[in-house]
Amino acid sequence: MTKIHAIVVGRLQTNCYILQSDSRALVVDPGDEPERILQFLSDIAVKPTQIVATHTHFDHVLGVNAIRAKLKVQFLIHQDDLSMLESLQSRVREIMGFNVPPPPKVDQFLKDGESIAFGGDQVRVIHTPGHSPGSISLAGQGFVLTGDALFNQSIGRTDLPEGDLDTLVRSITERLFTLDDDTIVYPGHGPETSIGDEKLANPFVGQLARRLP
């Protein structure tokens, strides 16, 4: 069974996840502080097979280059987020007002429905656009990593360039909410939740919200 480790990194407190299967691991959303992530990987004695970003906003990818250079592993995203990645520096300067290093080079593109293997386990790619065009979620045995699509009692921002609220709501209700209710949700920021809890009480997409006048 997959062991899920979370490391909160960077100025936006991004959840970087290490999915461990025996001595292999998948690194998801290394948004900053690569030295902490590398030290953690060393401490638990695992070798990453790949680095995956659920989407390419700066706070999910800034640690990629240092980790890839050290461990010689590939970096994977959904192709629909490539243009956003390539314009990373100008977007951050314009929206956030500070400078960031050049974006990482993409080694491989992920497709909806594709499986990513690490050790004896795997996760399935679910394309969940709306927060960004190429946002993905990663579903494993009893859990799903939702990036910035679905949070505990919230959903991702759609007021940033290339975000779209209607698209995000469809991604959540038509794709994520088809998972089992007891599926644990590990979001890109904040605490974990479950699909069942969010289907019921999420104020943006849950059943209770739809009953309000």
ask   = Is any side-chain heavy atom of Asn15 closer than 4.5 Å to a side-chain heavy atom of Val8?
value = yes

key: Close side-chain approach of Ile184 and Val144, heavy atoms under 4.5 Å   = no

note = Tightest non-hydrogen contact, residues Ile37 and Pro30, listed as CD1-CB, 3.7 Å

Joint hydrophobic cluster, Leu76 plus Phe118, side-chain heavy atoms closer than 4.5 Å = yes

Leu176 side, atom CG; Leu168 side, atom CG - distance, nearest 0.5 Å = 9.0 Å

query = Any side-chain heavy atom of Glu162 within less than 4.5 Å of one from Arg91?
reply = yes

request  = Report yes if the side chains of Thr49 and Ile116 come closer than 4.5 Å at any heavy-atom pair, otherwise no.
outcome  = no

request  = Kindly compute the distance separating CD1 (Ile195) from OG1 (Thr178), expressed to the nearest 0.5 Å.
outcome  = 8.0 Å

message = Nearest 0.5 angstrom please: Leu38 CG to Glu33 CD, how far?
response = 12.0 Å

ask   = Under a 4.5 Å side-chain heavy-atom rule over Ile, Leu, Val, Met, Phe, Trp and Tyr, are Val52 and Val106 clustered together?
value = no

task = Carefully, step by step, assess Gln79 and Lys111 under the rule side chain to side chain contact (heavy atoms under 4.5 Å, CB included).
result = CA-CA 8 Å; Gln79 189 166 11; Lys111 296 180 179 179; over 6 Å; no

remark   = Between Gln89 and Pro103, the two heavy atoms sitting closest are OE1-CD, 4.2 Å

query = Side-chain contact, heavy-atom cut-off 4.5 Å: Leu145 with Leu19?
reply = yes

request  = Check Tyr186, Phe40, Tyr17 against His5 for a ring pair (Phe, Tyr, Trp, His ring centres under 6.0 Å) and give me the one that passes.
outcome  = Phe40

Hphob cluster co-occupancy, Leu165 + Leu160, side-chain heavy atoms under 4.5 angstrom = no

task = Step by step, work out the side chain to side chain contact (heavy atoms under 4.5 Å, CB included) result for Gln141 and Thr2.
result = CA-CA 8 Å; Gln141 186 69 38; Thr2 303; 5.9 Å; no

ask   = Among Gln13, His189, Arg11, whose side chain to side chain donor-acceptor pair (under 3.5 Å) with Asp59 holds?
value = His189

ask   = With a 4.5 Å limit on heavy-atom distance, are the side chains of Val27 and Leu41 in contact?
value = yes

inquiry  = As an exercise, state the distance from NZ of Lys3 to CD1 of Ile44, rounded to the nearest 0.5 Å.
reply    = 8.5 Å

message = Are Val28 and Val125 linked, directly or through intermediate hydrophobic residues, by side-chain heavy-atom contacts shorter than 4.5 Å (ILVMFWY only)?
response = yes

request  = Answer with yes or no whether the side chains of Ser90 and Ser87 bring together a donor and an acceptor at under 3.5 Å.
outcome  = no

task = To the nearest 0.5 Å, tell me how far Ile126 CD1 sits from Leu138 CG.
result = 8.0 Å

query = Taking the side chain as C-beta and beyond, is there a heavy-atom pair between Leu12 and Phe58 under 4.5 Å?
reply = yes

remark   = NE2 of His55 to NE2 of His60, rounded to nearest 0.5 Å, is 3.5 Å

task = Taking all heavy atoms of Val61 and all of Phe75, pick out the closest pair and write down the distance.
result = CG1-CZ, 4.1 Å

task = Please report the closest heavy-atom contact between Glu198 and Asn152, naming both atoms and the distance.
result = OE2-CA, 3.7 Å

ask   = Would you say Pro104 and Ile51 make side-chain contact, with heavy atoms under 4.5 Å?
value = no

inquiry  = So which atom in Ile7 and which in Arg36 form the shortest heavy-atom distance, rounded to 0.1 Å?
reply    = CG2-NH2, 3.2 Å

